[in-house]
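Working notes, structure below.
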Amino acid sequence: MLDRGQGVAYEIDNEIIPQRSAFQFLRGPVMIADMNTWGTSIVGPHSFSAKFAVGRARPEETAWSIKTGGIPRQYVPSDIFDMISDIPDFNAAVDFTAYDEGSPRHPSWPAMHSAASQTSFWLDIVLDLTPEELCQARLTDYGVAYARTVAGVHYPDDNIDGLNIGQEVIALALPGYLSLKYGADEQSVRSKIEEKRFNWNDFDPQNPCPFVANDGDVIWARVTGGRVRSVDVYEDNIYAVGFNNKILKQSIDGTGSWENFEDYGGVA
């Protein structure tokens, strides 16, 4: 995702992270690895506190209650009732999900995977990201979040709210953390945070990166007609489906470029 070629993987924003050496090792790859685990650890308690404060049932619980009559038929919209009735081999609640064990046993809202998917936010603070890099980072965060709905363990708003809650936690904690550990100026960090905040309610999977220049989107525009219908994650790849039903594929870690999925035996 951050490979710029010629041995340059990324560019540290030295207005945020003071430079201490010509090649920033501890304040480069080590810092990024540290922040990845720090972000999850700082967001986790807030996400789980919200889960148990709200106590929202998992999709499999709701679907199973509808199927077995736990939720009276008159309270269920006909289209939802019909869709659930038509699910094949739905013989237990866990069958609603993509996992043999079903959903985790804690409440659904907000999604912890989504709350922890803040790489695109804090990377945009400590690095000088190009628009293409920010695009890839947001696609990865969204892909991690949305995959949980595809798997049947979260509602869509679990994910969007999780992304927003996680960002707020990071935004509050990051200035003090970067100051304490890396000597950053807290006010400079706060200023950049305000500049880089992103409301995930505004994320449009049909046009996920409107800020990317057209000349950097040649293959995207050529293969998908310039807009995408959906972004999905499967195994180790992100798939972007265009309105023309063409499909782009890229590794979820951002290595390599977007490729026409037809080249991999996909269905156009």
Side-chain angles (χ1 to χ4, degrees), residues 39-118 138-170 198-206 208 228-241 247 252 267:
T40 302
S41 69
I42 202 72
V43 165
H46 297 274
S47 176
F48 278 99
S49 294
K51 281 178 179 288
F52 286 102
V54 174
R56 189 184 204 182
R58 291 277 180 170
E60 70 176 60
E61 299 175 89
T62 301
W64 186 245
S65 292
I66 291 172
K67 182 177 176 65
T68 58
I71 298 177
R73 174 68 182 84
Q74 63 265 32
Y75 299 128
V76 183
S78 295
D79 57 337
I80 293 177
F81 182 85
D82 291 342
M83 283 189 290
I84 290 174
S85 298
D86 291 340
I87 296 175
D89 301 319
F90 190 13
N91 301 313
V94 297
D95 296 334
F96 186 78
T97 76
Y99 308 116
D100 291 340
E101 68 276 16
S103 301
R105 294 301 180 253
H106 48 257
S108 191
W109 183 95
M112 176 60 197
H113 280 70
S114 303
S117 295
Q118 299 303 320
R138 282 190 184 164
L139 282 170
T140 300
D141 282 346
Y142 181 79
V144 170
Y146 187 71
R148 301 291 282 172
T149 291
V150 173
V153 299
H154 277 296
Y155 305 96
D157 57 342
D158 292 346
N159 300 320
I160 298 301
D161 291 346
L163 287 164
N164 281 328
I165 288 172
Q167 181 177 241
E168 286 305 305
V169 173
I170 295 294
F198 177 69
N199 187 341
W200 281 97
N201 287 296
D202 297 331
F203 183 82
D204 181 3
Q206 298 177 356
V228 295
R229 186 174 62 196
S230 66
V231 177
D232 298 312
V233 176
Y234 179 70
E235 294 183 344
D236 295 325
N237 298 297
I238 299 174
Y239 297 86
V241 184
I247 304 174
I252 197 169
V267 178

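Start at 1 with the first residue, then count along the sequence. Computed from a predicted model, the values in this text were never measured in an experiment.
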Problem - Results of salt bridge (Lys or Arg N to Asp or Glu O under 4.0 Å) for Asp158 - residues two or more places apart only - result: Arg56
Fill in the blank from the handout: All heavy atoms of Ile170 vs all of Gly39, minimum pair found to be CD1-CA, 3.8 Å
Handout entry: Residue list, ring pair (Phe, Tyr, Trp, His ring centres under 6.0 Å) with Phe198, at least two apart or on another chain
Key = Trp200
Fill in the blank from the handout: Sorted by chain and residue number, the side chain to side chain contact (heavy atoms under 4.5 Å, CB included) partners of Pro156 (sequence neighbours excluded) come out as Thr149
Handout entry: Which residues share a side chain to side chain donor-acceptor pair (under 3.5 Å) with Thr97, sequence neighbours left out
Key = none
Handout entry: Pair listing, side chain to side chain donor-acceptor pair (under 3.5 Å) test, anchored in residues 39-48, at least two apart
Key = none
Practice task
With rounding to the nearest 0.5 Å, note down the distance linking CG in Asn164 to CD in Gln118.
Solution key: 8.5 Å
For residues 77-96, dump all side-chain donor-acceptor pairs below 3.5 Å to protein atoms at least two apart in sequence or in another chain.
| from | atom 1 | to | atom 2 | distance (Å) |
| --- | --- | --- | --- | --- |
| Ser85 | OG | Phe81 | O | 2.8 |
| Asp95 | OD2 | Asn91 | N | 2.9 |
| Asp95 | OD2 | Ala92 | N | 2.9 |

Handout entry: Main-chain N/O of Gly102 paired to Glu60 side chain as donor or acceptor, under 3.5 Å
Key = no
Practice task
Under the side chain to side chain contact (heavy atoms under 4.5 Å, CB included) rule, collect the residues that match up with Ser114, sequence neighbours excluded.
Solution key: Ala111, Ala145, Asn159, Leu163
Exercise for the section: Please identify each residue that fulfils side chain to side chain contact (heavy atoms under 4.5 Å, CB included) with Asp202, with sequence neighbours left out. Expected result: Asn199
Exercise for the section: Compare all side-chain heavy atoms of Arg58 with those of Pro104 and state whether any distance is below 4.5 angstrom. Expected result: yes
Exercise for the section: Under the side chain to side chain contact (heavy atoms under 4.5 Å, CB included) rule, collect the residues that match up with Ala50, sequence neighbours excluded. Expected result: Trp109, Pro110
Fill in the blank from the handout: Minimal heavy-atom distance between Ala116 and Val43, with the atoms involved, is N-CG1, 4.1 Å
Quick one: side chains of residues 65-75, donor-acceptor pairs under 3.5 Å with protein atoms, not counting sequence neighbours, listed by atom name and distance.
| from | atom 1 | to | atom 2 | distance (Å) |
| --- | --- | --- | --- | --- |
| Ser65 | OG | Glu61 | O | 2.9 |
| Thr68 | OG1 | Trp64 | O | 2.7 |
| Arg73 | NH1 | Val76 | O | 2.9 |

Practice task
Any salt bridge (charged side-chain N to carboxylate O under 4.0 Å, His left out) involving residues 99-114? Give me the pairs, sequence neighbours left out, ordered by first then second residue.
Solution key: none
